[in-house]
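Residues: numbered from 1 along the sequence shown.
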Amino acid sequence: MRDGNSTAAGGPSTGHRADESGTAPHTVPQDAGEPGSVHVIRTEDRTRIVLSGEVDADLGADLAQAGDDAEAAGLPIDIDAHHVTFMDSSGVAFLARMAQRTEHRIRLINVPPTVQFLLEITRIGELLDVVEDPQA
């Protein structure tokens, strides 16, 4: 799901825009069973893709567009998975695709246990930097 602040690749920033200080806005978690969403937030030095809810095949087109938007910025990318309640192979494939297509190493931040499990069994976690605190 993309909101009214979202734009296509090459346009202005997408998703919820960070303020002038570069601080990303607070994201409200979704309840389990809620449809997934993806938002792209661009700051001066990084792009953040925020995933929430159920990251599954229904979100495939939005994941592809978010990935294209983030990649077009040419900045290092963080993928925030804090509010992910479920992830299937579509989400895992998105993470792998992003890790292989971008010139910078992807940081996956705030990873819930269900996503951490998928990273371990698929070994996709080896392609990403998994961090709890992006400020560290």
Side-chain angles (χ1 to χ4, degrees):
M1 176 169 112
R2 294 168 51 84
D3 62 19
N5 293 323
S6 300
T7 58
S13 65
T14 58
H16 296 115
R17 180 163 177 96
D19 65 21
E20 294 301 319
S21 68
T23 304
H26 175 70
T27 304
V28 178
Q30 295 183 346
D31 296 327
E34 288 284 323
S37 68
V38 57
H39 299 278
V40 176
I41 303 166
R42 229 181 266 164
T43 62
E44 287 183 24
D45 60 347
R46 299 195 77 78
T47 299
R48 179 178 287 200
I49 299 173
V50 180
L51 305 175
S52 59
E54 295 184 359
V55 179
D56 57 17
D58 290 341
L59 201 56
D62 291 333
L63 289 171
Q65 184 63 53
D68 290 346
D69 291 350
E71 190 177 355
L75 298 170
I77 298 171
D78 292 340
I79 300 176
D80 187 340
H82 181 75
H83 299 295
V84 172
T85 58
F86 172 81
M87 182 179 283
D88 71 4
S89 60
S90 300
V92 173
F94 168 73
L95 295 175
R97 193 168 44 252
M98 291 302 299
Q100 293 179 346
R101 287 176 37 179
T102 59
E103 65 182 89
H104 304 282
R105 190 157 167 97
I106 301 290
R107 286 194 317 180
L108 186 61
I109 58 175
N110 304 317
V111 181
T114 54
V115 175
Q116 183 64 45
F117 174 75
L118 291 173
L119 295 175
E120 291 170 6
I121 64 169
T122 62
R123 299 180 69 170
I124 298 299
E126 296 172 6
L127 303 174
L128 308 162
D129 291 333
V130 179
V131 296
E132 283 302 310
D133 181 4
Q135 303 304 321

Passing option when Leu63 is tested against Asp68, Leu95, Leu51, Asp56 for side chain to side chain contact (heavy atoms under 4.5 Å, CB included)
Leu51
Check each of Leu128, Asp129, Val130, Asp80 against Ile109 using the side chain to side chain contact (heavy atoms under 4.5 Å, CB included) test, and report the only one that passes.
Asp80
Please examine the side chains of Ile106 and Arg101, heavy atoms only from C-beta on, and report whether any two atoms are closer than 4.5 Å.
no
Tell me if a side-chain donor or acceptor on Thr47 pairs with a main-chain N or O of Ile77 at a distance below 3.5 Å.
no
Side-chain heavy atoms under 4.5 angstrom apart, residues restricted to Ile, Leu, Val, Met, Phe, Trp, Tyr: same cluster for Phe86 and Ile121?
no
Same cluster or not: Val131 versus Leu75, using hydrophobic residues (I, L, V, M, F, W, Y) connected whenever any side-chain heavy atoms lie under 4.5 Å apart?
no
Is there a side-chain contact between Val92 and Met87 (heavy atoms, below 4.5 Å)?
yes
Okay, side chain of Arg48, backbone of Ile79: is any donor-acceptor separation there less than 3.5 Å?
no
Can you tell me how far apart CD (Glu71) and CD (Glu103) are? Round to the nearest 0.5 Å.
9.0 Å
Work out which heavy atom in Val55 is nearest to a heavy atom in Gly91; give both atom names and the distance.
CG1-CA, 3.7 Å
Nearest heavy-atom neighbours spanning Ala70 and Met98:
CB-CE, 4.5 Å
Sequence neighbours excluded, every pair satisfying salt bridge (Lys or Arg N to Asp or Glu O under 4.0 Å) that has a member inside residues 113-124:
Arg123-Glu126
Taking the side chain as every heavy atom from C-beta outward, state whether Leu119 and Leu108 have any pair of such atoms under 4.5 Å apart.
yes
Indicate the atoms forming the closest heavy-atom contact of Ala66 with Val38, along with that distance.
CB-CG2, 3.6 Å
Closest heavy-atom pair, Ser37 versus Ser52, reported as atoms and distance to 0.1 Å, is OG-OG, 2.6 Å
To check you understand the geometry: which heavy-atom pair defines the closest contact between His104 and Pro76, and what is its length?
CD2-N, 3.5 Å
Say whether Ile49 and Leu127 are linked into one hydrophobic cluster, either directly or through other cluster members, by side-chain heavy-atom distances under 4.5 angstrom.
yes
